[in-house]
Structures are given as C-alpha cells and as structure tokens.
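When a residue number appears, it is its place in the shown sequence, counting from 1. In this text, all values refer to a predicted model and were calculated from it rather than measured experimentally.
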Amino acid sequence: MAEAKWYVVHTYSGYEKKVEGSINKAIENRHLEDEIIEVCVPMQTEVVVKDGKTKTVEKKKFPGYVFVNMVMNDDTWYVVRNTRGVTGFVGPGSKPVPLTPEEERSHLGIKTENLVVDFGEGDEVEVIGGAFKDTVAVIREMNHAKQTATIHAYVLGGERPVEISFSDIKKIN
C-alpha cells in the first residue's frame with residue numbers, strides 16, 4: 001500500500017470547516033479510513049484587545065485551504081475533488097503535489113524526528129520554554145505525530161487548553 005502524504009485543497013472562502021466535515025462524512029460512508037487518514041483546517045489562537053477587553057479567538061491559519069493526509073489514488077482523489085466547496089488541489093494543472101517534510105513542519109507543526117519522552121497523560125510537568133515558561137500543569141492529551149502535549153494553563157483569568165511542544169516541557173518528579 002502506498003504511503004499517505006499531506007495534500008492541500010483549495011476551497012471557497014468560509015467553507016473550510018464545511019469541507020472538512022463533508023470529507024470526514026464521505027470517509028465514513030465509503031469506508032476510506034485507511035486511505036484518507038486525516039483532514040484538518042489549521043487554526044491559530046490569537047489574543048485580541050478590543051474596547052479595553054482582552055479575549056482569545058481561534059483564526060484559520062490558511063483561509064481558503066484544507067489539509068488532507070491521504071493515499072493518493074483515483075478513489076481518494078475523486079472523493080476529495082468532488083466535495084462541495086472544493087475548487088481543486090494545490091499543484092500544477094490537475095496534478096496534486098504533496099507537502100514536503102519542511103512544509104509539514106512549518107504549516108502543520110508536524111515533527112519528523114521522534115523525541116523520546118518520559119512523561120504521559122496525567123503527569124505533572126513544568127513548561128521550560130515558550131510563552132508559558134515556568135508554568136506547572138498536568139498533561140491532558142498527547143499527540144505523538146505532532147510531538148505536542150495539551151496542558152491546561154491559567155490564561156486571562158481562566159483555565160484554557162494550551163498545546164506545547166514536547167521539547168518545551170519536563171516531567172516533575
């Protein structure tokens with residue numbers, strides 16, 4: 001079986017989440033779970049100050065685009081390309097071009113080198129780098145593909161989930 005790679009799909013503006021949901025539904029209906037691995041709309045968290053009030057908002061990192069991790073073949077191409085709201089794959093003509101490992105790291109935050117970690121879900125850790133440095137928190141979820149952990153940190157007066165790179169945290173004994 002061929003290896004799954006990340007491809008970028010262009011969509012109508014504002015249809016990114018609808019396209020993501022439609023492709024996921026098609027995967028389920030056609031039993032393509034082994035061929036279309038993941039569909040995502042990369043989001044980024046921004047802190048916005050408006051009228052003296054600070055709030056955190058989620059914004060699309062790449063408006064008008066959806067990222068699909070899939071094995072490219074006639075069936076998967078057809079399902080994705082003919083999803084309502086999709087205008088086409090990114091690439092010359094009708095030939096989709098997969099993302100390079102460098103693009104995966106920069107656009108999706110996917111790490112290719114594997115870090116061996118001595119912590120897991122439920123462990124108490126200290127953040128040793130980044131904006132939340134010196135924060136002590138408990139790991140709620142781990143994503144080994146992206147090599148990140150989700151912790152709950154106190155932000156803007158409340159507890160919020162924060163995604164931290166494995167290299168920016170250490171286990172507290």
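- From Thr150, atom OG1 reaches atom CE of Met142 across 10.0 Å, with rounding to the nearest 0.5 Å.
- Looking at heavy atoms from C-beta onward, Trp6 lies in side-chain contact with Glu38 at the 4.5 angstrom threshold.
- Ile37 belongs to no multi-residue hydrophobic cluster, having no ILVMFWY side-chain contact under 4.5 Å with any other such residue.
- Nearest heavy-atom pair, Ala149 versus Ile139, reported as atom, atom and distance to 0.1 Å: CB-CG2, 4.1 Å.
- Applying the side chain to side chain donor-acceptor pair (under 3.5 Å) criterion to Lys17, with sequence neighbours excluded, gives Glu20.
- In the displayed structure, Asp74 atom CG is contacted under 6.0 Å by at most 12 heavy atoms of other residues, nucleotides or ligands.
- Atom CD of Glu124 and atom CD of Glu126 lie 10.0 Å apart (nearest 0.5 Å).
- In this structure, Ile169 CD1 and Thr135 OG1 are separated by 11.5 Å, a value rounded to the nearest 0.5 Å.
- What you find for Pro92 and Val97 is that their closest heavy atoms are CD-CG2, 3.5 Å.
- Atoms NZ and OG1, from Lys5 and Thr100 in turn, are 11.0 Å apart once rounded to the nearest 0.5 Å.
- With sequence neighbours excluded, the residues forming a side-chain contact (heavy atoms from CB on, under 4.5 Å) with Asp75 are Asn73, listed by chain and number.
- In this structure Gln44 satisfies the side chain to side chain donor-acceptor pair (under 3.5 Å) test together with Glu46, sequence neighbours excluded.
- When the salt bridge (Lys or Arg N to Asp or Glu O under 4.0 Å) test is applied to Lys133, no partner is found at least two apart in sequence or on another chain.
- Going from atom SG of Cys40 over to atom NZ of Lys61 covers 9.5 Å, rounded to the nearest 0.5 Å.
- Judged as a side chain to side chain donor-acceptor pair (under 3.5 Å), the pairs with a partner in residues 82-92 (not counting sequence neighbours) are, in order, His10-Thr87.
- Residues that satisfy the side-chain contact (heavy atoms from CB on, under 4.5 Å) test with Val90, not counting sequence neighbours, are Val8, Tyr65.
- Val39 belongs to a hydrophobic cluster whose other members, connected by ILVMFWY side-chain contacts under 4.5 Å either directly or through intermediates, are Tyr7, Val9, Tyr12, Tyr15, Val19, Ile23, Ile27, Leu32, Ile36, Val41, Met43, Val66, Val68, Met70, Met72, Trp77, Tyr78, Val79, Val80, Val86, Phe89.
- Chaining together hydrophobic side chains whose heavy atoms lie under 4.5 Å apart places Val136 alongside Ile172.
- For Lys171, the salt bridge (Lys or Arg N to Asp or Glu O under 4.0 Å) test picks out Asp123, with sequence neighbours left out.
- A 6.0 Å sphere centred on CZ of Arg30 holds no more than 12 heavy atoms belonging to other residues, nucleotides or ligands.
- With sequence neighbours excluded, the residues satisfying salt bridge (Lys or Arg N to Asp or Glu O under 4.0 Å) with Glu163 are Lys146.
- Applying the ring-ring contact (aromatic ring centres under 6.0 Å, His included) test to residues at least two apart or on different chains, none of the pairs has a partner in residues 35-56.
- A donor-acceptor pair under 3.5 Å links the side-chain atoms of Glu16 to the main chain of Gly64, judged by distance alone.
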